[in-house]
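Notes to accompany the following structure.
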Amino acid sequence: MADIEYSVTNHVATILLNRPATKNAFTLEMVETWARSLRAAEADPDVRVVVLKGAGGTFCSGVDLGALADRERTPLSQRTLLTEHVHHVAYAARDLSKPYLAAVSGAAVGAGMDMALMADIRIADESARFSEGYVRVGLVPGDGGCFYLPRIVGVAQALRLLCTGEFVDAAEALAIGLVSKVVPEEHLDSAVTELAAQLAAQPPIAVQMIKRSVYFGMEQDLRTALDTISSHLAVVTSTADSAEALSAFKERRPGVYAGR
């Protein structure tokens, strides 16, 4: 079986990290497949939501250091490892206009935690444990942890987690806003499937515009953000999906959407 599996069902694309023997530690080959899968989901008009999960009761233990043992270790090669490989996932995730969910079970450690942070929404089960961990081995987060974490949990909490490398369990992750929901281990798949279906049932163009507006708004002043959303609203209201959503609302029935 492939180390990463990609499938699409009912408008939901699923990316499965499938190396349970290594707690889903990823190789450079997996990184490239991961990024391609995100780009494929973006390009596929049938896909409205993307779900990321790990096999075998673990989310991701980070990069597979054993697979990198024979690589040259110079400052330039270390930088290239990130910029020409690992960072491709971050860029593909940021370019994804559709909701991106991470289903976290077990450990999400180091680069594995950073990969979870790239998702728009994280749902965890009660076994989930998060740790940036880099500082404990004398490193800094190479996959975006210093960018994503303060935007999700705030600067003070982010610095605590980044500078101690301590583990956060599912309950604390929920309390600080690192995850949106915690469910029993046996309910994780159903909870994520339910949320993905709920998102996929919404007018897809409106959902994509909302996601775009939220992320752009985090980097804009109020006047620019309001000007941008005015343009997005004008575009959305001109679509067949918008007209169908209004009709479905008035008629109290599910909408049937064509998307882009």
Side-chain angles (χ1 to χ4, degrees), residues 1-7 13-39 41 50-73 77-93 100-119 122-149 161-162 164-170 173 178-179 185 188-189 192:
M1 299 176 69
D3 289 342
I4 284 192
E5 295 184 3
Y6 177 82
S7 59
T14 298
I15 299 172
L16 175 68
L17 308 181
N18 193 31
R19 296 186 77 210
T22 65
K23 296 186 177 179
N24 297 317
F26 58 81
T27 63
L28 296 187
E29 291 77 12
M30 287 175 68
V31 163
E32 297 305 328
T33 302
W34 198 334
R36 284 198 301 272
S37 297
L38 288 168
R39 290 193 291 266
V50 181
V51 172
L52 172 67
K53 59 173 60 176
T58 298
F59 181 71
C60 181
S61 59
V63 65
D64 186 340
L65 297 177
L68 302 179
D70 296 331
R71 289 182 62 88
E72 181 184 25
R73 297 181 66 86
S77 68
Q78 293 289 90
R79 173 179 166 80
T80 301
L81 171 69
L82 295 173
T83 60
E84 298 303 319
H85 296 284
V86 179
H87 291 174
H88 288 178
V89 178
Y91 294 134
Y100 185 28
L101 314 182
V104 182
S105 182
V109 180
M113 178 171 173
D114 289 346
M115 293 298 192
L117 298 179
M118 294 175 194
R122 284 156 294 285
I123 306 296
D125 70 25
E126 292 169 342
S127 74
R129 299 170 70 241
F130 299 84
S131 172
E132 281 291 341
Y134 295 92
V135 71
R136 293 186 295 169
V137 290
L139 297 176
V140 298
D143 304 338
C146 292
F147 176 86
Y148 295 107
L149 197 54
L161 299 180
L162 290 163
T164 66
E166 67 184 51
F167 274 87
V168 171
D169 63 18
L178 181 57
V179 301
E185 293 179 50
L188 180 61
D189 283 345
V192 172

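Numbers for residues simply follow the sequence, beginning at 1. Since we're looking at a predicted model, the values are computed, not measured.
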Q | Heavy-atom closest contact (Val109 atom, Ala107 atom, distance) | A | CG2-CB, 3.7 Å
Q: Identify, with sequence neighbours excluded, every residue that meets side chain to side chain donor-acceptor pair (under 3.5 Å) alongside Ser127.
A: Ser105, Asp125
Q) Any side-chain heavy-atom pair from Leu101 and Leu52 closer than 4.5 angstrom? A) no
Q: Report the C-alpha distance between Leu161 and Leu149 in whole Å, list the side-chain angles of each, state the deciding distance to 0.1 Å, and finish with yes or no for side chain to side chain contact (heavy atoms under 4.5 Å, CB included).
A: CA-CA 9 Å; Leu161 299 180; Leu149 197 54; 4.0 Å; yes
**Q.** side-chain hydrogen bond (donor to acceptor under 3.5 Å, both in side chains) pairs, two or more places apart, involving residues 107-117
**A.** Asp114-Tyr134
Q.
Testing the basics here: between Met118 and Asp143, what is the closest heavy-atom pair and its distance to 0.1 Å?
A. CE-O, 3.2 Å
Q.
Between Asn24 and Ala55 (side chain of the first, backbone of the second, donor and acceptor by atom type, cut-off under 3.5 Å), is there such a pair?
A. yes
Q.
Test of understanding: with side chain to side chain donor-acceptor pair (under 3.5 Å), list the residues that count as partners of His85, not counting sequence neighbours.
A. Glu32
Q) Taking C-beta and beyond as the side chain, do Val50 and Leu38 meet within less than 4.5 Å on heavy atoms? A) yes
Q.
When you compare the side chain of Leu117 with that of Glu132, does any pair of heavy atoms fall below 4.5 Å?
A. yes
**Q.** Approximate separation, where rounding is to 0.5 Å, of Phe59 CZ and Leu188 CG
**A.** 10.5 Å
Q: Give, for atom OH of Tyr100 and atom CD1 of Ile15, the distance between the pair rounded to the nearest 0.5 Å.
A: 5.0 Å
Q. Mind checking what makes side chain to side chain donor-acceptor pair (under 3.5 Å) contact with Arg19, not counting sequence neighbours?
A. Asp64
Q: I would like to know whether Leu81 and Leu28 meet side chain to side chain contact (heavy atoms under 4.5 Å, CB included); could you show each step before the answer?
A: CA-CA 9 Å; Leu81 171 69; Leu28 296 187; 3.4 Å; yes
Q) When rounded to the nearest 0.5 angstrom, what distance separates CZ in Phe167 from CZ in Arg129? A) 4.5 Å
Q.
Let me confirm one number: the NE2-OG1 distance from His87 to Thr80, rounded to the nearest 0.5 Å.
A. 11.0 Å
Q: Please indicate whether Phe147 has more than 12 foreign heavy atoms, meaning atoms of other residues, nucleotides or ligands, lying under 6.0 Å from its CZ.
A: yes
Q: Quick one: closest heavy-atom pair of Asn18 and Ala2, and the distance?
A: ND2-O, 3.1 Å
Q. How close do Ala41 and Ala13 get, heavy atom to heavy atom, and via which atoms?
A. CB-CB, 4.3 Å
**Q.** Gly62 to Ala111 - nearest heavy-atom pair and separation
**A.** CA-CB, 3.9 Å
**Q.** Sub-4.5 Å side-chain heavy-atom contact between Val89 and Met115
**A.** yes
Q.
Using a 6.0 Å cut-off, check whether atom CZ of Arg79 has over 12 heavy atoms from anything other than its own residue.
A. no
Q) Does Leu162 reach the side chain of Val140, with side-chain heavy atoms less than 4.5 Å apart? A) no
Q. Considering only heavy atoms from C-beta outward, does the side chain of Val135 approach that of Thr164 to under 4.5 Å?
A. no
Q. Can you find a pair of side-chain heavy atoms, one from Phe26 and one from Ile4, that are under 4.5 Å apart?
A. no
**Q.** Partners meeting side chain to side chain donor-acceptor pair (under 3.5 Å) with Thr33 (sequence neighbours left out)
**A.** Arg36
Q | Side-chain donor/acceptor of Arg122 to backbone N/O of Val104, under 3.5 Å | A | no
Q) Can you list every pair that meets side-chain hydrogen bond (donor to acceptor under 3.5 Å, both in side chains) and has a residue in residues 50-59, with sequence neighbours left out? A) Lys53-Asp189
(Q) Looking at every heavy atom in both Ala128 and Ala124, which two are closest together, and how far apart are they? (A) CB-CB, 3.7 Å
Q: Look up atom CG in Asp169 and atom CZ in Phe130, then write down how far apart they are to the nearest 0.5 Å.
A: 10.0 Å
